[in-house]
Amino acid sequence: MVERPVGVFDSGVGGLTVVSQLFRILPQEDIIYFGDTAHLPYGSKSKEAVTHHSLNIANFLKAQKVKIIVVACNTASSFALSSLRENIELPVIGVIEPGAQAAIDTTRNFKIGIIGTEGTIKSRAFEEVLKRIDKNVKVFSQKCPLFVHLVEEYSLDKPWTKQIAEEYLSPLKDEGIDTLILGCTHYPLLKELLGRIMGQEVSLIDTAEATAKAVKRTLGEKNLLRKGSRKAVYKFFVSDDPEKFLQLGRRFLGKSIDKAERINLEEMK
Ligand code: DGL
C-alpha cells in the first residue's frame, strides 16, 4: 500500500498548482494525475454533472491502485466530496477543508472573503466548513467567473485583468476582510495582482499549499508515507487532446510535462 501512487484530479490544468505543492511537500511520492479536459470548465456546470465526472475519474484512479485521492479542484471539492467519500473506499482529500482551516488560523478580525468559480460560490461549501470550525466567523463570497479564462489566455499582466479584478474584489474590500481564500486552482497565478489590489493587511490563502500539507498529514496518520530513495514517478492523463494541457501545464506546475496520455473514461465503462 505504501508504494502506491497518490491520485490527483482536476477539470484540467488547474490542479497542477496542487501537484506543484505536492512535489515540494511530498517529493518521494509517485503521482497519477487526471485532467478532465474534455469536460472543462467545471466552474459553470451543475452539481450533478460535476459529481458524475468526479466519480468516473475517482474510479479510474482507484483502478490504477492509488492509495489516496486528492480532489485538486475547488468546484469538484465543493460539489462532489461527500459523494466521493461515500462511494470510494479510499481516503479522499479535497481543497475546501484545508483551505478553510488555514484561513481560520490566519484571520484576526474573523472576516474572511472567498473568491471562486460560480459553482464553488453557489455551493456555499467554504462557508459551511468555515462556520463549522468557528461559528463566529463572518464570510463574504464573490464569484469571479472570468479569472479562469484570463489566466488561460495569458492575460495576467493585461490592463483589463486588473480592471476586472478591482471590480470583483471591491465589495470584499468594503467589508474589511483581513483574509482572502483563493478558492480556485487558477488563482495562485493571479496572487501578485490580487495582493496588490487587496493591500498588505489582507492575507491571501493558497488552498493548493494547505491541501498538500493535509495530504502529508493524512498519509502520515495512516502510515502510508513512502520512504524509499527511488526517484518518484509521475504520470499524467487527460480526456481530450493533450496539446493544450502540455502547453499550459508548465505555467501551473513550474516545470514542463513531457507526456500526457489521452483516455476516454466513458468508453472504458
Ligand atoms: N479547477 C476549477 C476550480 O478550481 C477551475 C476551472 C474550471 O472551472 O474547470 O474550481
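Here, residue 1 is the first one in the sequence, and each next residue gets the next number. For ligands, and for the atoms within them, numbers begin at 1 and follow the listed sequence.
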### Query
In ligand 1, which numbered atoms sit nearer than 4.0 Å to a non-hydrogen atom of Pro41?
7 (C), 8 (O), 9 (O)
### Query
Going by the atom numbers of ligand 1, which of them fall below 4.0 Å from some non-hydrogen atom of Tyr42?
7 (C), 8 (O), 9 (O)
### Task
Compute the minimum heavy-atom distance from Cys184 to ligand 1 and say whether it is under 4.0 Å.
yes
### Task
Would you check whether Cys73 reaches within less than 4.0 Å of ligand 1, judged by its heavy atoms?
yes
#### Entry: Contact check, side chains of Lys191 and Leu182, non-hydrogen atoms, under 4.5 Å
yes
### Message
Looking at Arg85 and Glu97, is any side-chain nitrogen of the basic one under 4.0 Å from a carboxylate oxygen of the acidic one?
### Response
yes
### Message
Between Lys131 and Glu127 (salt bridge meaning N to carboxylate O under 4.0 Å), is one present in this structure?
### Response
no
### Message
For Phe237, run the ring pair (Phe, Tyr, Trp, His ring centres under 6.0 Å) check against Phe60, Phe34, Phe245 and tell me which one passes.
### Response
Phe60
Any idea which protein heavy atom is nearest [atom], and the distance to it?
| atom | result |
| --- | --- |
| atom 6 (C) of ligand 1 | Ser11 OG, 3.6 Å |
| atom 10 (O) of ligand 1 | Thr75 OG1, 2.5 Å |
| atom 8 (O) of ligand 1 | Gly43 N, 2.8 Å |

### Query
Where does Asp10 meet ligand 1, judged by heavy-atom distances below 4.0 Å: at the side chain, the backbone, both, or neither?
side chain
### Message
With a heavy-atom distance limit of 4.0 Å, tell me whether Thr117 approaches ligand 1 through its side chain, its backbone, both, or neither.
### Response
side chain
### Query
With no hydrogens and no angle check, do the side chains of Asp36 and Ser239 hold a donor and an acceptor under 3.5 Å apart?
yes
### Between Asn56 and His53, a side-chain donor and acceptor under 3.5 Å
no
### Query
Would you find more than 12 non-hydrogen atoms of other residues, nucleotides or ligands less than 6.0 Å from Asp157 atom CG?
no
